[in-house]
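Take a look at the structure set out below.
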Amino acid sequence: RNLIKTHFTALQNLLEVLPRSKLKRFVNIGSSDEYGNAKAPQHEGLREQPISPYSLAKVASTHFLQMLHSTEGFPSVILRLFLTYGPGQDKGRFLSQIIRGCLDNLTFPTSKGEQLRDFCYVDDSVAAILKALDVSEAEGEVFNVASGEPISIREMIAKVCNLTNSGRPQYGKILYRPGENMKLYADIKKIQGTLSWSPQVSLEQGLRETISWYEGIG
């Protein structure tokens with residue numbers, strides 16, 4: 001209930017107080033979780049399959065904004081972010097925990113790591129938001145924001161271990177989540193075509209920047 005209030009009810013409340021006559025564009029941040037267990041690579045034409053209160057709230061927000069666009073011409077754009085990462089990310093997130101565990105040279109539990117995921121550096125995600133604000137053809141549309149390149153969680157952990165030369169992951173100690181999509185990575189052709197956006201930061205470069213930031217804060 002709290003997640004639905006945070007992500008859907010809060011959106012409704014925000015739209016009630018916005019000065020619509022002055023509003024040029026409204027960009028809502030969606031989530032790859034909206035796809036649920038849809039087959040990869042996920043594209044924007046797929047029917048959403050929410051499997052949690054969070055993803056349900058995100059899907060409800062997407063449909064609500066699309067309805068407002070079609071009935072009232074509301075200038076909304078939905079950016080469906082996959083796994084955005086980078087400096088300053090909350091310490092409770094997957095990659096933040098892995099980096100911290102490696103930098104502290106800890107033994108830490110992980111899943112088997114067979115899941116395929118799609119990581120996008122924060123600078124590229126911000127660039128997509130700015131494009132969505134500027135391109136009129138974006139209105140009323142949903143766009144995936146991702147690298148378009150799948151990588152397994154196990155390989156991602158191994159990259160962090162190699163870059164930090166430390167860390168002792170214990171694969172298989174954490175069970176997969178019930179109903180977890182094992183292949184969640186994006187088709188990004190739509191955003192490349194409509195917004196002329198493509199990720200510019202390689203995974204290697206992005207990881208180095210992120211690890212360096214964590215090293216700086218101790």
Side-chain angles (χ1 to χ4, degrees), residues 1-85 89-90 92-93 117-120 122 124-148 177-181 183-197 199:
R1 180 182 296 179
N2 286 337
L3 283 170
I4 292 173
K5 284 183 177 180
T6 299
H7 294 283
F8 181 54
T9 307
L11 172 66
Q12 293 176 296
N13 293 338
L14 178 61
L15 296 185
E16 286 182 6
V17 299
L18 281 177
R20 294 201 185 185
S21 62
K22 299 179 181 180
L23 187 66
K24 294 182 178 180
R25 191 71 43 80
F26 185 93
V27 177
N28 193 61
I29 303 301
S31 169
S32 59
D33 282 356
E34 295 178 57
Y35 289 116
N37 280 312
K39 187 177 179 180
Q42 288 80 20
H43 62 84
E44 296 88 346
L46 291 171
R47 180 177 179 180
E48 298 90 349
Q49 300 178 30
I51 56 174
S52 67
Y54 169 76
S55 56
L56 174 63
K58 286 295 189 181
V59 170
S61 298
T62 294
H63 289 190
F64 182 59
L65 290 168
Q66 288 182 313
M67 178 272 293
L68 288 178
H69 175 75
S70 63
T71 58
E72 303 177 18
F74 186 74
S76 58
V77 182
I78 296 94
L79 297 184
R80 200 165 274 166
L81 272 58
F82 279 64
L83 292 178
T84 293
Y85 73 99
Q89 189 168 38
D90 180 85
R93 307 292 289 183
R117 293 294 184 264
D118 193 330
F119 290 84
C120 186
V122 62
D124 285 326
S125 296
V126 170
I129 294 171
L130 295 176
K131 284 274 191 178
L133 289 168
D134 191 52
V135 178
S136 60
E137 289 80 6
E139 285 191 12
E141 300 292 339
V142 177
F143 297 99
N144 289 336
V145 179
S147 71
R177 297 192 307 271
E180 182 172 4
N181 190 340
K183 296 180 180 180
L184 192 61
Y185 57 92
D187 180 326
I188 60 172
K189 289 193 289 290
K190 182 177 179 181
I191 192 170
Q192 287 174 318
T194 305
L195 299 188
S196 298
W197 175 94

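Just so we're clear, the structure is a prediction, and the values are computed from it rather than from any experiment. Scope of the values below: all heavy atoms of this structure, side chains included, with no hydrogens, waters or symmetry mates.
- Of the possible polar contacts, none joining the Arg47 side chain to the Ala38 backbone as a donor-acceptor pair under 3.5 Å is found.
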side-chain contact (heavy atoms from CB on, under 4.5 Å) assessment of Gln89 paired with Val122: CA-CA 9 Å; Gln89 189 168 38; Val122 62; over 6 Å; no

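- Remark: the backbone N or O of Asp124 is paired with a side-chain donor or acceptor of Trp197 at under 3.5 angstrom.
- To the nearest 0.5 Å, the span separating OG1 on Thr9 from CG on Leu14 amounts to 12.5 Å.
- The aromatic rings of Phe119 and Tyr85 sit perpendicular to each other, their planes meeting at more than 60°, with 30° as the lower class boundary.
- Counting all heavy atoms, side chain and backbone alike, Ala40 lies closest to Tyr185 at CB-CE2, 3.5 Å.
- The local environment of CZ in Arg25 is crowded, with over 12 non-hydrogen atoms from other residues, nucleotides or ligands closer than 6.0 Å.
- Not one N or O on the side chain of Ser32 forms a donor-acceptor pair closer than 3.5 Å with the backbone of Ala186.
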Distance-only donor-acceptor hits, side chain of residues 48-56, under 3.5 Å, sequence neighbours excluded:
{"residue": "Glu48", "atom": "OE1", "partner": "His63", "partner atom": "NE2", "Å": "3.1"}
{"residue": "Glu48", "atom": "OE2", "partner": "Arg80", "partner atom": "NH2", "Å": "3.1"}
{"residue": "Ser52", "atom": "OG", "partner": "Ser55", "partner atom": "N", "Å": "3.1"}
{"residue": "Ser52", "atom": "OG", "partner": "Ser55", "partner atom": "OG", "Å": "3.0"}
{"residue": "Ser55", "atom": "OG", "partner": "Ile51", "partner atom": "N", "Å": "3.0"}
{"residue": "Ser55", "atom": "OG", "partner": "Ser52", "partner atom": "N", "Å": "3.0"}
{"residue": "Ser55", "atom": "OG", "partner": "Ser52", "partner atom": "O", "Å": "3.1"}

Using the rule given for side-chain contact (heavy atoms from CB on, under 4.5 Å), can you reason through Ser61 versus Gln12, listing the C-alpha separation, both sets of side-chain angles and the distance that settles it, and then say yes or no? CA-CA 8 Å; Ser61 298; Gln12 293 176 296; over 6 Å; no

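- Between Glu141 and Lys131 there is no salt bridge, since no side-chain nitrogen of the basic residue lies less than 4.0 Å from a carboxylate oxygen of the acidic one.
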Audit row: Asn144, Tyr35, side-chain contact (heavy atoms from CB on, under 4.5 Å) steps and yes/no: CA-CA 11 Å; Asn144 289 336; Tyr35 289 116; 2.7 Å; yes

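- Checked by atom type and distance alone, the side chain of Ser125 never pairs as donor or acceptor with a backbone atom of Thr84 at under 3.5 Å.
- A 4.5 Å side-chain heavy-atom check between Pro75 and Lys24 finds every atom pair outside the cut-off.
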What's the verdict on side-chain contact (heavy atoms from CB on, under 4.5 Å) for Leu65 and Leu15, showing C-alpha distance, side-chain angles and the deciding distance? CA-CA 10 Å; Leu65 290 168; Leu15 296 185; 3.8 Å; yes

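- Side chain of Thr194 to backbone of Ile191: no donor-acceptor contact under 3.5 angstrom is found.
- With rounding to the nearest 0.5 Å, the separation of CG in Leu195 from CD in Glu137 is 9.0 Å.
- The line from CG of Leu79 to OG1 of Thr62 is 10.0 Å long, rounded to the nearest 0.5 Å.
- In terms of heavy atoms, Asp187 sits closest to His43 at CB-CB, 3.9 Å.
- Taking 4.5 Å as the limit, some side-chain heavy atom of Leu11 sits within range of a side-chain heavy atom of Phe26.
- Taking 4.5 Å as the limit, every side-chain heavy atom of Pro41 sits out of range of all side-chain heavy atoms of Asp118.
- Atom CD of residue Gln66 and atom OG1 of residue Thr71 lie 11.5 Å apart, to the nearest 0.5 angstrom.
- Side chains of Ile129 and Val145 form no contact here, defined as non-hydrogen atoms less than 4.5 Å apart.
- Heavy atoms from other residues, nucleotides or ligands lying under 6.0 Å from CZ of Arg20 number more than 12.
- At least one donor-acceptor pair under 3.5 Å links the side chain of Glu34 to the backbone N or O of Ser31.
- Using a distance-only test at 3.5 Å, with no hydrogens or angles considered, no donor-acceptor pair links the side chain of Asn28 to the main chain of Ile78.
- Here the closest heavy-atom approach between residue Ala132 and residue Ala138 is recorded as O-CB, 4.0 Å.
- Using modelled atom types, one side-chain atom of Gln42 and one backbone atom of Lys183 make a donor-acceptor pair closer than 3.5 Å.
- Contact annotation: the side chain of Asp33 approaches that of Leu184 to within less than 4.5 Å [non-hydrogen atoms, C-beta and beyond].
- The number of heavy-atom neighbours closer than 6.0 Å to NZ of Lys190, taken from other residues, nucleotides and ligands shown, is above 12.
- Note that CZ of Phe143 is 13.0 Å distant from CG of Leu81, once rounded to the nearest 0.5 Å.
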